[in-house]
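Reviewing the structure listed below.
All values derive from a computational prediction rather than experimental measurement. For this chain, numbers begin at 1 and follow the sequence in order.
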Amino acid sequence: MRRTRILTAVLALAAGLLAGTPPALAADSTAKVSLAADTYTWKNARIDGGGFVPGIVFNRSEKNLAYARTDIGGAYRWQESSKTWTPLLDSVGWDDWGHTGVVSLASDSVDPNKVYAAVGTYTNSWDPKNGAVMRSSNRGASWQKADLPFKLGGNMPGRGMGERLAVDPNKNSVLYLGAPSGKGLWRSTDSGVSWSQVANFPNVGNYQQDPSDTSGYASDNQGIVWVTFDESTGTSGNATRAIYVGVADLQNSVYRSTDAGATWTRLAGQPTGYLAHKGVLDAAGGSLYLSYSDKGGPYDGGKGQVWRYATATGTWTNISPVAEADTYYGFSGLTVDRQKPGTVMATAYSSWWPDTQIFRSTDSGATWTRAWDYSSYPNRANRYTMDVSSSPWLTWGANPSPPEQAPKLGWMTESLEIDPFNSNRMMYGTGATLYGTENLTNWDSGGQFTIKPMVQGLEETAVNDLASPPSGAPLLSALGDVGGFRHTDLTKVPSMMFTSPNFTTTTSLDFAETNANTVVRVGNLDSGPHIAFSTDNGANWFAGTDPSGVSGGGTVAAASDGSRFVWSPDGAGVQYTTGFGSSWSASSGIPAGAIVEADRVDAKTFYGFKSGKFYVSTDGGATFTASAAAGLPSGDSVRFKALPGVKGDVWLAGGATDGAYGLWHSTDGGASWTKLSNVDQADAIGFGKAATGASYQTLYTSAKIGGVRGIFRSTDKGATWTRINDDAHQWGWTGAAITGDPRVYGRVYVSTNGRGVIYGDTSDTSGGGGTDPTDPTDPTDPTPTGACTVTYKITNQWSGGFQADVQLSNTGSSAWTGWSLGWTFPNAQTVSQTWNAESTQSGSTVTAKNVGWNANVAAGSSVSFGFTGSWSGTNGKPTAFKVGDLACTVA
C-alpha cells in the first residue's frame, strides 16, 4: 500500500496566514479574558504508530538508550522499563509548527545525557520558518534551540536518508550537519550552540526528485544526506580525523576527510549512478558499508546496490544481496551488529509489492539470506512470524492473495538498527509503524524470529476531523494515511481502522445528532467510492455512490435525524441526498468547495461557508441562500459548528493575520454574527458537556487569546476563557479540529498534524456533576409557565425496537430556565437510551429532563431530544404531554 503524507493541514495553515480579509464585524465588548490555567492531564487516544518512522538511533555507550524520529510528529525516547516511547517535542508551539518535523537525530556517546535534533518540515514555502538544531542535556526532557539560516525538510523527499546530524565520538563538542537546498555542510564546535558552513566542502549536492515541480517540494536539491565518523582515527578529547559524508549526487556520492574536516576529497573508485542512502562505519572490521538507490526515496527507487569500502586499503567490493538486474527497488535501511563484526543487514525499502525485504549477512556481505523466500511461487517461506495483536489494525482488514500477506513485513523501510549491546534486538521503521524483534539471532540458527510492533507511545497520525457523539463510542476520528478509528476505549488500540472502504485519508466525518448510530465519512481513495455510511455508530460501514466528477473527500454533513446528507466533495459541486447516497442531486445557490455542516436540531437545515460568505439551506440541502452578513473571514481557512440542542446556534472560527481573524457567534442561523472581542485568533471550535450550574455547553477552541496561543475552554458562552494546556503541551499545529465530550465535563479532544489525537481531562472535580432529575429535593427542578407544543416522531422502527425524536417548543411569552417533559406510553413501550435529555421511567410513564446545556428555552424557541426503545405488539404514540403541570399541544 502506497503511503503518502498528508499536506492539507499545512496548506490550510498557509492559506490562513496569507489570505486577505475584509474588516471584521462589530465586536462584543462585554467579553473578558482569563488566562489562569486549569490543571489538565494530557494523553493520546491510543492508535500506536500510524506514520513513517525514517530514523532510529541507538546510543553507542549506554544500554537501552534509543531515539526515534518521525517526519512530521516529533522525536521520541525509548523507555526500557515499560517498552514504550516518550514524546520529546510536544513543547513546540504554534508559531514554530514546522519544528515538529525531524530530519535527523544524534545521541552523544561521550555524554549520553545529550541529544540533538535537526528540525524543520519543508524547505519550500509551505513552512515559513527556517530550520533549527535543538539540543538537550537531559535526554530531551527540555531543549534549547539554535536557529539556522536555511530550512530543513523533515517531510521532504529524501528524508529517510541519513543521519544528516552527527556528534564526533571522540570530541563531542564537534557536530556536523548536512543541509539540503544547496546549503552545504555545517559544523558546530560548541556542542550545537552555534553553527557555521564548512566553506571548503566541495559538493553541495545536485539531485532533485523532479526538477519540473514548481511547488519546490520535489524540485529541491536533497543536499548533504549523512555524516559518519571512523572513531578509530581519534582519541578521547581530540577530533576524529576520518569523517565520511554522503551527498545527493548520482555521480559523486561519498566524500572523506582524513584531517578532522580541514580538507575533503571524493572517494576514488566509488559506484556511480546511485545515491548512497546510508553509510555505516564498522570500525572493528575496518569497513564502511553503503546502501545505494537510484532515487532519493522514501517512496521511489527502482534499482539498488550494497557496497563495502575497506577504510585501510580503499578497496571497493560490491556485496549486493541481489544482482542489480534483478532489483526493482533500492536499498536504504542498513545496520551492523556491534557485538558481532561482519554481521550486516539491509532493506529493500522501496519494494512495495509483494512486500519489503530484509537481508542479513554474517560474513561481511559475502553471502546473504532473506527474511522471506518463495517456496514455490506464489507461496512464501518466512524466517519470521508476525504478532500484531497489540496493533491489530496493521492488517488493514485485508485478505490478500499470495504472495502478498497481511500484515506486511513493511514498506518505506529506511530505518533499520541492531541494538549495539544486544544482538537479539532489532528495530525497523515502516510507513505505518515501528517493528522490532528480541530474538533476531534465531535467523542464523535456522529458527524463526518474532516481529512485533515496538511502537507504543509513538503516535504519528495527522488528524483532519473529530467527533464525540452523545451515545455510542466516545470518539470517532478522521485521519490522514490510515483513514480513521472508532475508539470505544481511549486507552486501548482499536482493533481496526474504518474499512469498507479503506480511505487512504479521511477528510471529514459527521453523525446524526439525534441518532448517533448514523455516521458518514468522506475521504480520498485512488480508485473507488469517496463516501461511506454506518448505521451502528461507526462499527461497520458500507460504501455510498459518488456523484459524477468526484476526485476527493471534501466535507460532509449529516442531518440531525440522519434522514439526509449534504456533501461538498473535491471535483464536484455541493450535493445532497435522502437516504444513504444511492443517488445525489446538485445543490443550488452555494459554490463548489464550500465547507458544509448540519444544524443539530432541524433535520432540513444545513450551512455552508466559502470565501467570506455564509450559506443556509432550509430544504435539506436542495437550495442554499447566502447570508447578508458581512465581515467574516474572506479566506477559506475557516471551521464552524452548530450547537447541539439549539436550532440556529452556530460558532465560526478562522481567518488570517492580515484580515478578519477570530471567533464569531450566530444565534439566528447565520443571518447575523457577533465577533468575540476577547479572542485574538481562533482556528477550530467545539462543544462539550456543560459545567455544573451552567446553562450552556462548554466551548473549546484552538486559539490565540490575550496574546497567548493555546487550547482554551469557556463555561460561560465565551464571556471568559481559561487556557487548559501549558507550554510543555502545545503539539505544534492544532487547528484542524477540536471537540469536547458531551458526556464527560472538561474532556476535550485535540487534533494534531502528526502527534495523533490528544485528549485532556481536567482536575476540576466541581464541573459537570449535574443534578439528579429524579431527586425531589433538586433545587433546579423546572416550573415553566405559558404554553408548549410537542412533536413526537417515530424515525425508525424494527422488530421489537424503535427510535423516536421529540421536539418541545416554548410557545409562551416567557423564557424557561429548565424543563421536564412527561408522557405515558399507550402500549407499555420502554425507553432504552436517551440523548440530549436525561430520562427516567416508572411503568409506562416517562419523564425526560433537560441536560445542563439545553435548560434555557427562550420564548418562541424549541429543544429536541431523542431516544431508542422497545415495543411488542403495537407501538402507538403518546397522546398527551406535560411540562411540569403544563399540558402541551400535540402537533
Side-chain angles (χ1 to χ4, degrees), residues 1-3 52 54 157-162 207 209-210 222 225-226 246-254 269-280 287-309 316-336 344-375 377-384 402-405 408-416 428-431 443:
M1 179 176 181
R2 181 179 174 89
R3 186 178 181 281
F52 180 35
R159 59 191 179 274
M161 295 192 279
Y207 177 79
Q209 178 180 297
D210 179 6
Q222 294 182 18
V225 296
W226 54 263
V247 180
D249 179 338
L250 290 167
Q251 305 305 317
N252 309 283
S253 198
V254 187
Q270 65 181 273
T272 59
Y274 292 97
L275 303 174
H277 274 227
K278 299 281 196 306
V280 177
S287 297
L288 174 68
Y289 293 95
L290 301 112
S291 54
Y292 286 92
S293 175
D294 59 347
K295 304 290 184 182
Y299 310 115
D300 56 1
K303 291 294 180 182
Q305 296 179 348
V306 179
W307 286 75
R308 185 181 71 240
Y309 175 78
W316 288 89
T317 304
N318 186 338
I319 59 169
S320 300
V322 178
E324 178 194 36
D326 295 331
T327 62
Y328 53 92
Y329 47 77
F331 295 96
S332 183
L334 185 67
T335 187
V336 298
V344 58
M345 298 180 69
T347 67
Y349 78 95
S350 55
S351 176
W352 290 90
W353 190 93
D355 210 339
T356 197
Q357 185 61 275
I358 303 176
F359 303 90
R360 181 174 171 90
S361 172
T362 56
D363 54 12
S364 302
T367 60
W368 297 84
T369 51
R370 311 175 190 220
W372 60 271
D373 290 283
Y374 288 114
S375 52
Y377 187 87
N379 299 312
R380 282 165 51 172
N382 297 337
R383 294 181 184 271
Y384 62 88
E404 285 193 283
Q405 296 179 351
K408 282 196 169 190
L409 186 61
W411 59 90
M412 297 165 62
T413 49
E414 293 218 67
S415 56
L416 173 77
Y428 69 97
T430 77
W443 184 318

Are any non-hydrogen side-chain atoms of W353 and P403 less than 4.5 angstrom apart? yes
Rounded to the nearest 0.5 angstrom, the CH2-CD distance for W352 and E404 is 12.0 Å
Checking the side chain of D294 only, and the main-chain atoms of G304 only, is there a donor and an acceptor separated by less than 3.5 Å? no
Could you tell me the separation between the CG atom of L416 and the CE atom of M345, rounded to the nearest 0.5 Å? 5.5 Å
Would you please say whether a donor-acceptor pair under 3.5 Å links the side chains of S351 and Y328? yes
For the OG1 atom of T327 and the CD atom of Q305, what is their distance to the nearest 0.5 Å? 8.0 Å
Do R308 side-chain atoms and S364 backbone N/O form a donor-acceptor pair below 3.5 Å? yes
Does the side chain of W368 come within less than 4.5 Å of S320's, by heavy atoms? no
Working to the nearest 0.5 Å, report the span between CH2 of W226 and NZ of K278. 11.0 Å
V254 side chain reached by Y292 side chain, heavy atoms, under 4.5 Å: yes
For a quick check under 3.5 Å, do Y349 and S293 share a side-chain donor-acceptor pair by atom type? yes
Tightest non-hydrogen contact, residues Y207 and D300, listed as OH-OD2, 4.4 Å
Side chain to side chain donor-acceptor pair (under 3.5 Å) partners of S361, counting only residues at least two apart: D363
Take V322 and Q357, measure what side-chain contact (heavy atoms from CB on, under 4.5 Å) needs, and give me the verdict at the end. CA-CA 11 Å; V322 178; Q357 185 61 275; over 6 Å; no
Parallel, tilted or perpendicular, judged at 30° and 60°: which one describes the rings of F359 and Y329? tilted
If we ignore hydrogens and angles and just use 3.5 Å, is the side chain of W372 paired with the main-chain N or O of T356 as donor and acceptor? yes
Under 3.5 Å: donor-acceptor pair, side chain of E414, backbone of G297: no
What are the two closest non-hydrogen atoms of P157 and Q209, and how far apart are they? CB-OE1, 3.3 Å
Determine yes or no for a side-chain-to-main-chain donor-acceptor pair under 3.5 angstrom, with Q270 supplying the side chain and S253 the backbone. yes
The salt bridge (Lys or Arg N to Asp or Glu O under 4.0 Å) partners of R383 (sequence neighbours excluded) come to none
State the CZ-NZ distance between F331 and K303, to the nearest 0.5 angstrom. 10.5 Å
For Y289 against S287, the heavy-atom pair lying closest together: CE1-CB, 3.8 Å
Test side-chain contact (heavy atoms from CB on, under 4.5 Å) on S350 and K295 and set out the steps. CA-CA 10 Å; S350 55; K295 304 290 184 182; over 6 Å; no
Which residue, T335, I358, T347, forms the side-chain contact (heavy atoms from CB on, under 4.5 Å) with Y428? I358
R380 side, atom CZ; R370 side, atom CZ - distance, nearest 0.5 Å: 11.5 Å
Evaluate the side-chain proximity of V247 to V225: yes if any heavy-atom separation is below 4.5 Å, no if none is. no
Which heavy atom of G296 sits nearest a heavy atom of H277, and at what distance? O-CE1, 3.4 Å
Minimum heavy-atom distance A276-L290, with the two atoms named: CB-CD2, 4.1 Å
Check: S415 side chain, G429 main-chain N or O, donor-acceptor pair, under 3.5 Å: yes
